Number of protein chains: 2
Amino acid sequence: MIAPPYQEDRSVLRDALFKALSDGTRRALLEYLVREGEQSVHALTAISGVSQPMVSRHLGKLKQARLVTARRAGRETYYTARAKGLAPVVQWMAVYGALWSQRFSALEGLGDGE
Amino acid sequence: MIAPPYQEDRSVLRDALFKALSDGTRRALLEYLVREGEQSVHALTAISGVSQPMVSRHLGKLKQARLVTARRAGRETYYTARAKGLAPVVQWMAVYGALWSQRFSALEGLGDGE
DNA sequence: GTATTGCATAATCAAAAGGTTATGAATAGG
DNA sequence: CCTATTCATAACCTTTTGATTATGCAATAC
């Protein structure tokens, strides 16, 4: 049986996402990909300040969190920032950030299953 | 000389914020504070699944990230979710989430699916 | 007064995470 | 074919981090 998007899968992804974003080097890599578009590991290593294996590992975590995608071309691998990757975080923020300031009014109408 | 809000201070706070949010137990504590409002350490310990010292330490990190405030009342300490605490993360997302969506929106659209 | 409750901190530990160098597998180029 | 490039993985080390129990200090209760 093929798995539908279980609640648990969602929370696992969300956790991987928050963890992926918690490291400054990873955020820098992601920011660079956003600004400059698709980049090879070689190019990312040049601007990262850490070793190439470390860049590969960081990219692996970003990929696992679905924040980037990888494209193999010959001996090079090109990574691209993934447009919708931050959506789960945005969703979380919508509930625990934005609604938060207007807690009393907003929660009444939502019935978020306390 | 009193320090104005230096760039470095900003990035330090932002880093503390992302790190604070990277742990599931801390997020659960924060979520509970958002939903239920001000709570004592005792009450938070009861729902957290970890020991009281651990709750205190998690709350300390949330406080350092400016996501909660503490109010001492007698021998109890009441913690409250801080409304504007997530602002730096929202700002970051505005740049590296929205900008990024814009770059690719023509190709991918904005839905939350695959 | 003494006992108890609520919280923070210290001491300690195991596991996770970030870093490195070394290695190996493909691909490209001479 | 031989060499160089690109990348991922392995082995290893150090620091950080999440967790525990033990302790100490205030404030409340008796």
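Heavy atoms only: backbone and side chains are in, while hydrogens, waters and symmetry mates are out. For clarity, every value in this text was computed on a predicted model and none was experimentally measured. Protein chains get the first letters and strands the later ones, always in sequence-line order, with residue 1 at the start of each.
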With sequence neighbours left out, what residues match B/Y78 under side chain to side chain donor-acceptor pair (under 3.5 Å)? B/E76

For nucleotides 19-30 of chain C, just jot down a letter per nucleotide in 5' to 3' order: B, S or -, based on protein non-hydrogen atoms under 4.0 Å. BBBB----BS--

How many Å lie between NZ on A/K63 and P on D/dC7, as a whole number? 14 Å

Atom CD of B/E76 to atom P of D/dA27: distance rounded to whole Å? 13 Å

B/Y78 OH to D/dA27 C1', in whole Å, measures 13 Å

At under 4.0 Å between heavy atoms, what does A/S40 touch on the DNA or RNA strands: base, sugar-phosphate, or nothing? sugar-phosphate

For A/Y79, which contact category applies under a 4.0 Å heavy-atom criterion: base, sugar-phosphate, or nothing? sugar-phosphate

B/R71 CZ to C/dG6 C1', straight-line distance once rounded to whole Å: 14 Å

B/S56: which residues meet the side chain to side chain donor-acceptor pair (under 3.5 Å) condition with it, sequence neighbours left out? B/Q52

Any residue meeting salt bridge (Lys or Arg N to Asp or Glu O under 4.0 Å) with A/R27, in chain and number order, not counting sequence neighbours: B/D15

Closest contact, heavy atoms only, B/L67 versus B/A20: CD1-CB, 4.2 Å

DNA chain D-proximal residues of residues 12-22 of chain B, any heavy atom under 4.0 Å: B/K19

By side chain to side chain donor-acceptor pair (under 3.5 Å), B/R75 pairs with (sequence neighbours left out) none

Let me know the distance between CG of B/L29 and P of C/dC7, rounded to the nearest Å. 13 Å

Send over the distance from B/L62 CG to D/dT17 P, rounded to a whole Å. 14 Å

Do A/R82 and A/V68 pass the side chain to side chain contact (heavy atoms under 4.5 Å, CB included) test, and can you show the C-alpha distance, the side-chain angles, and the key distance before you say yes or no? CA-CA 5 Å; A/R82 186 166 163 277; A/V68 302; 5.6 Å; no

Would you sort out whether B/Y79 and B/Q39 count as a side chain to side chain contact (heavy atoms under 4.5 Å, CB included), showing the intermediate values? CA-CA 5 Å; B/Y79 283 85; B/Q39 298 288 326; 6.0 Å; no

Does A/T77 offer a backbone N or O that forms a donor-acceptor pair with the side chain of A/R72 under 3.5 Å? no

Would A/L21 and B/W92 count as a side chain to side chain contact (heavy atoms under 4.5 Å, CB included) if you check the C-alpha gap in whole Å, the side-chain angles of each, and the deciding distance to 0.1 Å? CA-CA 11 Å; A/L21 294 174; B/W92 186 88; 3.9 Å; yes

Could you tell me the separation between the CG atom of B/L59 and the P atom of C/dG6, rounded to a whole number of Å? 16 Å

